[in-house]
There are 2 protein chains.
Amino acid sequence: MTTTERLPLTRERIIEAAVAFADEHGIDDLSMRKLGAELGVEAMSLYNHVDNKDDIYDGMINYVFESIEMPSEGVDWRTGIRDICASAMEILWTHSWAVITLMQRGNFGPSALSFMNEVVGRLRNAGLNDEDIHHGWQMLASHTMGYASQAATNPGVMEQKLSNLQAMMAENEERYPHVAALGPLLSECQWDREYMFGLEIILDGLEARLN
Amino acid sequence: MTTTERLPLTRERIIEAAVAFADEHGIDDLSMRKLGAELGVEAMSLYNHVDNKDDIYDGMINYVFESIEMPSEGVDWRTGIRDICASAMEILWTHSWAVITLMQRGNFGPSALSFMNEVVGRLRNAGLNDEDIHHGWQMLASHTMGYASQAATNPGVMEQKLSNLQAMMAENEERYPHVAALGPLLSECQWDREYMFGLEIILDGLEARLN
DNA sequence: ACCTGAACACCGTTCAAGT
DNA sequence: ACCTGAACACCGTTCAAGT
């Protein structure tokens, strides 16, 4: 905020500032005017480096997916996919706005396509046929996006902010008995471990299709 | 638009109009002013029956989840869950804004809790222990929300609107070779059948944990 | 080439005023 | 009790004007 104001404005700097802002204040609070202020510039200056706000969203998503770590080509397909997915979940967790924004935009940018290409390549390496590769990718993508979005809106207990689900349950134990019976398992859900558990079931299912 | 204008305004009528509007024009175009106009009323009148716009979103989500059909208690657990999930996917498909709005709100209303309660109850009936019931629910929820959101943003071929993924691929075949190799499988993806395929793998994985 | 001020057409929401 | 008009504090985006 003090020394950075003199740096020339670039698309890259705008995207990075937008990511930082969304991480701190949430993506709903992000506006062109506030983003400009963060960069020591009027909102309208941003349009010299960026098409519009959607373009910024796409850039943010791309920026986040770029940091997914790809394991070496050497490892076997299961550990390869496991590692890619674990890395993806970790970065989606730290940028909790990313999944939902991606879903809204419905736009796979270059880095999301690289992620997809990497997973699909390893499924092919495993020896699956094209149809099962396709099934596998769709399952892994849905699993990852589903857990990431649930984790994003249901913060763990450490966040002390009681989830909406917990609040609703507290008043309606008799109306949703089966949900109530799960009690602590729901409120103390560790999304990363839960995610990896489900991942193994999917990988088991795919492995069973290797003949 | 002609005869309905005289009906008294109610929360219910507002929610129904909002759902119809979102179905037709997409949820991003929904505004208090437009919704009022749809009901022959000024935007400010809505606040007599509704807290604010978020309250409308919650009402819309609840309205949609209410129409999920619950099979009879008699059927075995697998077909029961299969039928509930198939119904859920169908209604989430027809109201393509619903999943993303639910994820953004992060708010399980009464009817979403009923859906959850029904699925969890049937997992319990299957004979799973509490931990596996919890795992099962999280997997089924993620699977459903993940596919629904992907289906919502990647319309089938019949919609003739080429998906963003297809457009991106057309220009970068050599950059994402494994993705490109899947070609028609991706562009002609039938989300409902794909969803049911993955559902079976999850149910297989859960069934294997019955001892 | 890049930044700005003023303006346009919208938002959600509040509040005093009407009936 | 319910609806309204005017107002407030915001939006994203355009465009002519500055340097």
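Worth knowing before you read on, the calculation uses all heavy atoms, side chains too, and leaves out hydrogens, waters and symmetry mates. Sequence lines set the chain letters: A, B, ... in the order given, protein chains first and strands last, and positions in each chain run from 1. Keep in mind it's a predicted model, so treat the numbers as computed, not measured.
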Checklist line | chain A footprint on DNA chain C, 5' to 3' - any atom under 4.0 Å from a heavy atom | finding: C:dC2 to C:dA7
Check: Do side-chain atoms of B:Ser142 reach the backbone of B:Gln138 as a donor and acceptor pair under 3.5 angstrom?
Finding: yes
Check: Near DNA chain C, which residues from residues 26-35 of chain B have a heavy atom under 4.0 Å away?
Finding: B:Leu30, B:Ser31, B:Met32, B:Arg33, B:Lys34
Next item on the list: For the residue pair A:His49 and A:Thr10, establish whether any side-chain heavy-atom pair is separated by less than 4.5 Å.
Entry: no
Item checked: Paired and unpaired positions of DNA chain D as dot-bracket, Watson-Crick or G-U wobble under 3.5 Å, | denoting a partner strand -> ||.|||||...|||||.||
Next item on the list: Indicate yes or no: at least one non-hydrogen side-chain atom of B:Leu9 is less than 4.5 angstrom from one of B:Leu39.
Entry: yes
Check: Is there a donor in the side chain of A:His135 and an acceptor in the side chain of A:Glu131, or the other way round, less than 3.5 Å apart?
Finding: no
Margin query: Quick check against the 3.5 Å criterion: does B:Ser149 have a side-chain atom that pairs as donor or acceptor with the backbone of B:Ile100?
Written below: no
Note to self: Would you say that A:Asp132 contacts B:Phe197 through its side chain, given a criterion of any heavy-atom pair below 4.5 Å between the two side chains?
What the structure shows: yes
Checklist line | Sub-4.5 Å side-chain heavy-atom contact between A:Pro177 and B:Arg124 | finding: no
Margin query: Tell me if the CD atom of A:Glu66 is crowded by more than 12 foreign heavy atoms within 6.0 Å.
Written below: yes
Next item on the list: Assess the side chains of B:Tyr195 and B:Thr144: does a donor N or O sit below 3.5 Å from an acceptor N or O?
Entry: yes
Note to self: Would you say that B:Val64 contacts B:Trp97 through its side chain, given a criterion of any heavy-atom pair below 4.5 Å between the two side chains?
What the structure shows: yes
